[in-house]
Amino acid sequence: MLGWREWVALPDWDVAHLKAKIDTGARTSSLHAFGLEWFDRNGSPWVRFEIHPWQRSTADAVIAEAAVVATRDVKSSSGEVEHRPVVHTSVVLAGRTVTAEVTLTRRDEMGFRMLVGREALRKRFVVDPGVSYLGGRPDKSIRRRNRHDGTTPSKPTPTTTPTTRQARSPRKAP
């Protein structure tokens with residue numbers, strides 16, 4: 001069982017903690033992708049983008065790469081239609097790894113770095129919209145970093161550079 005918001009991990013890109021909103025109203029999951037760049041690899045479309053795991057912070061940023069499996073026109077909650085790349089990746093929810101189809105977009109105005117849509121949840125989880133974090137919480141020190149309470153700089157230090165993570169082939173969900 002999951003609450004309406006949960007901590008997730010994205011192991012294909014070495015992101016251990018990311019706060020996500022569980023959104024049964026959205027079909028596909030969505031990830032906030034900073035600096036999205038399209039490129040060609042061996043004749044196939046790929047994207048490179050930055051993942052900022054902490055809210056309102058660029059600390060611990062990861063540069064990820066993934067093969068584009070499709071593009072999709074997605075209607076936002078404000079009614080605007082946006083053309084987005086779709087990638088596959090592994091998502092760890094409540095200790096279970098699932099393969100999810102994820103659209104990449106800028107979610108600057110949104111409170112969560114990721115939305116987990118109903119396709120990633122289907123036949124695997126029940127969602128209780130009245131509670132949060134039923135899947136567990138990371139240590140308090142990790143949660144504090146996400147609140148940006150001063151333990152993590154709001155901008156990377158000059159010695160901090162994002163690391164590039166190329167997507168591994170998603171593992172099949174059990």
Side-chain angles (χ1 to χ4, degrees), residues 2-23 26 28-39 41 46-69 76 82 84-117 120-121 125 132-171 173:
L2 300 174
W4 72 273
R5 58 183 170 182
E6 293 289 341
W7 286 90
V8 301
L10 304 173
D12 294 339
W13 298 313
D14 292 332
V15 175
H17 304 286
L18 187 73
K19 212 191 284 189
K21 179 179 178 183
I22 307 303
D23 188 355
T28 307
S29 299
S30 177
L31 178 66
H32 186 102
F34 291 86
L36 182 67
E37 298 174 30
W38 288 76
F39 66 98
R41 179 171 286 158
W46 279 62
V47 285
R48 179 179 300 116
F49 53 97
E50 227 176 288
I51 302 169
H52 297 179
W54 312 118
Q55 298 293 109
R56 298 170 302 280
S57 174
T58 57
D60 300 328
V62 173
I63 297 175
E65 294 180 348
V68 176
V69 297
S76 71
E82 180 186 15
R84 298 181 186 175
V86 180
V87 300
H88 287 159
T89 194
S90 298
V91 178
V92 179
L93 282 158
R96 293 182 62 188
T97 303
V98 299
T99 300
E101 193 174 76
V102 179
T103 65
L104 304 174
T105 187
R106 290 297 302 257
R107 296 183 43 78
D108 292 321
E109 304 302 317
M110 303 301 180
F112 294 88
R113 296 284 192 221
M114 184 173 192
L115 291 182
V116 179
L121 304 169
F125 299 99
S132 299
Y133 309 117
L134 288 175
R137 291 180 181 224
D139 279 347
K140 195 172 189 177
S141 63
I142 300 293
R143 296 193 317 264
R144 280 191 182 138
R145 292 182 79 181
N146 193 59
R147 281 201 310 251
H148 185 63
D149 67 350
T151 58
T152 300
S154 59
K155 300 220 185 278
T157 60
T159 58
T160 303
T161 55
T163 53
T164 301
R165 304 287 187 227
Q166 182 175 324
R168 300 177 200 102
S169 297
R171 294 172 212 90

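Nothing fancy with the numbering, it's 1 onward along the sequence. Just so it is clear, the values below take in all heavy atoms, side chains as well, and ignore hydrogens, waters and symmetry mates.
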message: Side chains of Phe34 and Ile51, heavy atoms from C-beta outward: is any pair under 4.5 Å?
response: no

message: The test is side chain to side chain contact (heavy atoms under 4.5 Å, CB included); show your working for Val116 and Lys21 and say whether it passes.
response: CA-CA 6 Å; Val116 179; Lys21 179 179 178 183; over 6 Å; no

field: Minimum side-chain heavy-atom gap Trp46-Arg48 below 4.5 Å
entry: no

query: What do the steps show when you test Thr105 against Glu82 for side chain to side chain contact (heavy atoms under 4.5 Å, CB included), and what is the final call?
result: CA-CA 9 Å; Thr105 187; Glu82 180 186 15; 2.8 Å; yes

- prompt: Within the side chain of Arg113, is there an N or O that forms a donor-acceptor pair under 3.5 Å with the backbone of His52?
  reply: yes

- prompt: Heavy atoms, side chains only, cut-off 4.5 Å: are Leu93 and Leu121 in contact?
  reply: yes

query: Mind checking what makes side chain to side chain donor-acceptor pair (under 3.5 Å) contact with Ser132, not counting sequence neighbours?
result: Trp4, Arg5

- request: State plainly whether the residues Arg41 and Glu65 are in salt-bridge range, i.e. N to O under 4.0 Å.
  value: yes

- prompt: Less than 4.5 Å apart, any side-chain heavy atom of Leu31 and any of Leu10?
  reply: yes

query: Among all residues two or more places apart in sequence or in another chain, which pass the side chain to side chain donor-acceptor pair (under 3.5 Å) test with Thr103?
result: Arg84

- line: Smallest heavy-atom separation, Glu101 atom then Thr28 atom, equals O-CG2, 3.2 Å

query: Hey, are the side chains of Leu18 and Trp7 touching, using non-hydrogen atoms and a 4.5 Å cut-off?
result: no

task: List in chain and number order the residues that pass side-chain contact (heavy atoms from CB on, under 4.5 Å) with Ala94, two or more places apart in sequence or in another chain; answer none if no residue qualifies.
output: Leu2, Phe125

field: Nearest atoms (heavy-atom pairs only) where Phe112 meets Ala20
entry: CD2-C, 3.7 Å

- request: State, yes or no, whether a side-chain contact exists between Val102 and Met114 at a heavy-atom distance under 4.5 Å.
  value: yes

- prompt: Looking at residues at least two apart in the chain, or sitting in another chain, which of them share a side-chain contact (heavy atoms from CB on, under 4.5 Å) with Val47?
  reply: Leu36, Trp38, Phe49, Val68, Pro85, Val87, Leu104

- line: Here the pair of heavy atoms bringing Glu50 nearest to Ala61 is OE2-CB, 3.4 Å

query: Atom CD in Glu37, atom CD1 in Ile63: separation rounded to 0.5 Å?
result: 8.0 Å

query: Does Glu6 reach the main-chain N or O of Gly135 with its side chain, forming a donor-acceptor pair under 3.5 Å?
result: yes

- request: Might you point out which heavy atoms bring Ser90 and Pro11 nearest each other, and give the distance in Å?
  value: O-CD, 3.4 Å

- request: Heavy atoms only: give me the nearest Pro53-Ala59 pair and the separation to one decimal.
  value: CD-O, 4.1 Å

